[in-house]
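A quick write-up on the structure given underneath.
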Amino acid sequence: KIKVYYYEDGRPFGDTFMYNGRQYAAKQPGQFMAGAVVYFFLRLLGLSYLNNYTLTSALVTLFTSSLAIAAAALAVFRITRLLTGGESLLWPLASAILYAFGTTAFAYSGFAYHDTLASGYLVVAFYLVMLLARKQVNQRHVMLVAAAAGVLLGLTVTTSMLPFFMACVVAVYLVWISRRKVALAAVAGGLVGVAPLLFFNAKAFGNPLLNSYSAGGYPESFLSLNLHNSIQKTWLYISELTLYDPIVWLGILALAFYPRAFRREVVVILGLFLAQMFQILNIESHGGCHYGPRFLLPALPFAAIGLAGFHYLQSKSASWVALIAVGSVGVASVAINGVGALSGAMYCDVQVYAFWRGLASLQGEGLKDFPLAKWLVVLVIFSLLLFVYSIQRYTREHQRR
C-alpha cells in the first residue's frame, strides 16, 4: 500500500488528486505511457524502481525526455536543411545545437516530463508535414508519412494540453497541403494518436472528453480571458526569455530574412507562436516551479528553426555580424541552460534568477549525483567522433560536386 500525503486544503501532495477513491496525476497520460514502455524492458533486465530507483529512473528519463529532445534537435536540423537548400551545414547545425543545448529544452531534458515529450512529438510531426509540403516523399510513401504525422499530433495532445493549439495549427497545415485521401490518412493517424487519451479518460473518469485537469479541478489551467493577467504574463515571458533563452530573440528576428519561396512555412511558424502565446497568456498558471519559461517549451524548436534565416543575408558584413551575435548569445544561452540541466529545473522561487543559485549548488555535487555519467561519457566521445567524420565526409562529397 502507498501512503498518501495531503495538503492542508485536503488535496493529495503533488500534482495529484483523488477521484472515486483513486489517486490520479493531474497530467495527460502520454508521459506515463512512454515511461511504462521503457520500464517494461528495464524490468526484463532485472531493474526496478524498488531495488534500483536512481539508475532505473535515470534510464527511463534517458529513453523518454532525453530521447525526445534529441529527436527534436534532429528534426530542427532536417527542417533547416530543407529551408536552406542543403547548400551548407553551418546554420542547420547551429540551429539544432543551440536548440538542444542553448534553450530551456536542455534544462528539461534531464527528467521525465510531459511537455518535453509533447514538444518532441510536435516538431517531428512538423518535419514530416514539411516533407509532404516540399514533395520530398516518394509517392508510394505519402499516405504513410501523413498517417505518421497524424499519429504524432495525436500523441502530442495525449501527452500534454500545453501545445494543443499548436498541434491544431500543424494539423490544419497538413490537411491544407494534402489531397483528400492523404488528408484522410492523416486524420486516421490522429485518431490513433489520441485514442489512448480517450480510453484513459473513459476508464478513469467515465467520459472520454473529461481530462485530468477538469476531473481534478485545476481552473488555473483553463482558458480565461483576463486583460490584467495577460499583460502580467506578457512581461513575465519577455523577462524569462531574455534571462534564460536569449537566443530565441535572434531566432524570431531571423525569420524575417527567409526568402519569399518559404513564406508559407514562415507564416505557419508565426501561427504556431501566436497559438502558443494565446494559450499561455490566457491561463492563470505560469507553470509554478520552473527554470526558465517552461510553458514555452513547444515553441523553442521553431525559434531555433528561425536562426537559419540568417543564411540568406546578402551582405558579407551582415553575415559576420549575425555569426558573431549568434555565437556570443549562443554561448551565454548554453551556459545558462547547462546550469539548469545539471542543477535541476524545478525552482519554486521564480522571482529570483535561478542561474546563480544553480551555479552555487553545483559546487557540492559530484558524479554520484549523475548515475549515467560514466557510461554516457563513452557515448558522447563516440558521438563527437562520428559527428566530425560526418562533416568531413559531407565536405568531401560537396567539393566533388
Side-chain angles (χ1 to χ4, degrees), residues 26-31 68 72 75 79 104-105 108 113-130 133 149-177 183 186-187 189-191 193-194 197-198 201 209-214 218-227 229-231 233-234 236-238 240-241 248 251-252 255 264-287 293-306:
K27 297 289 183 286
Q28 301 288 82
Q31 172 189 338
I79 291 167
T104 308
Y108 281 89
Y113 188 56
H114 60 296
D115 291 338
T116 304
L117 283 170
S119 301
Y121 296 147
L122 181 66
V123 71
V124 174
F126 181 77
Y127 168 59
L128 295 179
V129 177
M130 272 203 62
V151 169
L152 288 169
L153 290 174
L155 285 176
T156 300
V157 177
T158 292
T159 305
S160 173
M161 288 300 293
L162 179 63
F164 173 78
F165 291 110
M166 295 182 75
C168 291
V169 171
V170 178
V172 170
Y173 178 34
L174 174 55
V175 173
W176 177 35
I177 59 144
V187 171
L191 292 175
V194 81
L197 171 64
L198 301 177
N201 290 341
L209 300 181
L210 180 63
N211 62 22
S212 300
Y213 300 102
S214 300
Y218 291 85
E220 65 273 16
S221 300
F222 301 149
L223 285 177
S224 176
L225 301 181
N226 183 312
L227 182 60
N229 174 67
S230 298
I231 292 173
K233 291 293 189 304
T234 299
L236 171 68
Y237 288 114
I238 287 175
E240 289 197 339
L241 275 177
V248 167
I252 294 172
L255 282 171
R264 180 176 59 186
E265 285 75 17
V266 171
V267 169
V268 173
I269 290 174
L270 290 175
L272 290 168
F273 289 154
L274 290 174
Q276 189 62 7
M277 293 307 294
F278 173 78
Q279 168 87 347
I280 65 177
L281 295 182
N282 291 290
I283 58 175
E284 183 181 338
S285 174
H286 59 67
R294 72 177 177 92
F295 276 4
L296 286 175
L297 277 172
L300 296 178
F302 299 99
I305 290 167

Exercise for the section: Given side-chain contact (heavy atoms from CB on, under 4.5 Å), test Gln28 with Thr158 step by step and report yes or no. Expected result: CA-CA 6 Å; Gln28 301 288 82; Thr158 292; 5.9 Å; no
Practice task
Spell out, as yes or no, whether a donor-acceptor pair under 3.5 Å connects the side chain of Ser212 to the backbone of Lys27.
Solution key: yes
Practice task
Give, for atom CG of Leu162 and atom OG1 of Thr156, the distance between the pair rounded to the nearest 0.5 Å.
Solution key: 11.0 Å
Problem - Met130 side chain near Glu265 side chain, heavy-atom distance below 4.5 Å - result: yes
Practice task
Check whether any side-chain heavy atom of Leu209 sits under 4.5 Å from a side-chain heavy atom of Leu198, and report yes or no.
Solution key: yes
Completion exercise
OG of Ser119 to CE of Met166, rounded to nearest 0.5 Å, is 7.5 Å
Exercise for the section: Anything under 30° is parallel, anything over 60° is perpendicular, the rest tilted; go ahead and classify Phe126 against Tyr173. Expected result: tilted
Exercise for the section: Would you confirm whether Asn229, through its side chain, and Ile283, through its main-chain N or O, come within 3.5 Å as a donor-acceptor pair? Expected result: yes
Practice task
Please name the pair of heavy atoms, one in Ala186 and one in Leu174, separated by the smallest distance, quoted to 0.1 Å.
Solution key: CB-CD2, 3.3 Å
Handout entry: Sub-4.5 Å side-chain heavy-atom contact between Leu297 and Thr116
Key = yes
Problem - Sub-4.5 Å side-chain heavy-atom contact between Phe302 and Leu122 - result: yes
Handout entry: Residue pair Phe273 / Leu255, side-chain heavy-atom distance below 4.5 Å
Key = yes
Problem - Where Val123 and Ala75 come nearest, the two heavy atoms and their spacing - result: O-CB, 4.1 Å
Practice task
Taking all non-hydrogen atoms of both residues into account, name the closest pair between Val157 and Ala167 and its distance.
Solution key: CG2-CB, 4.2 Å
Practice task
Let me see the working for Ile177 and Arg264 under side-chain contact (heavy atoms from CB on, under 4.5 Å), right down to the final yes or no.
Solution key: CA-CA 11 Å; Ile177 59 144; Arg264 180 176 59 186; 4.0 Å; yes
Fill in the blank from the handout: Taken to the nearest 0.5 Å, the spacing of Ile305 CD1 from Ile269 CD1 works out to 5.0 Å
Fill in the blank from the handout: So CG of Leu128 and CD1 of Ile79: to nearest 0.5 Å the spacing works out to 9.0 Å
Exercise for the section: Could you name each residue pair satisfying side-chain hydrogen bond (donor to acceptor under 3.5 Å, both in side chains) that touches residues 266-285, not counting sequence neighbours? Expected result: Ser230-Asn282
Handout entry: Side chains of Leu296 and Thr104 in contact at under 4.5 Å (non-hydrogen atoms)
Key = no
Completion exercise
On a heavy-atom basis, the closest approach of Ile280 and Lys233 is O-CG, 4.1 Å
Exercise for the section: Measure across Ala275 and Val169 and return the closest heavy-atom pair with its distance rounded to 0.1 Å. Expected result: CB-CG2, 3.9 Å
Problem - Atom pair CG/CG of Leu153 and Leu191 - distance to nearest 0.5 Å - result: 12.0 Å
Problem - Where Thr159 and Leu117 come nearest, the two heavy atoms and their spacing - result: CG2-CB, 3.8 Å
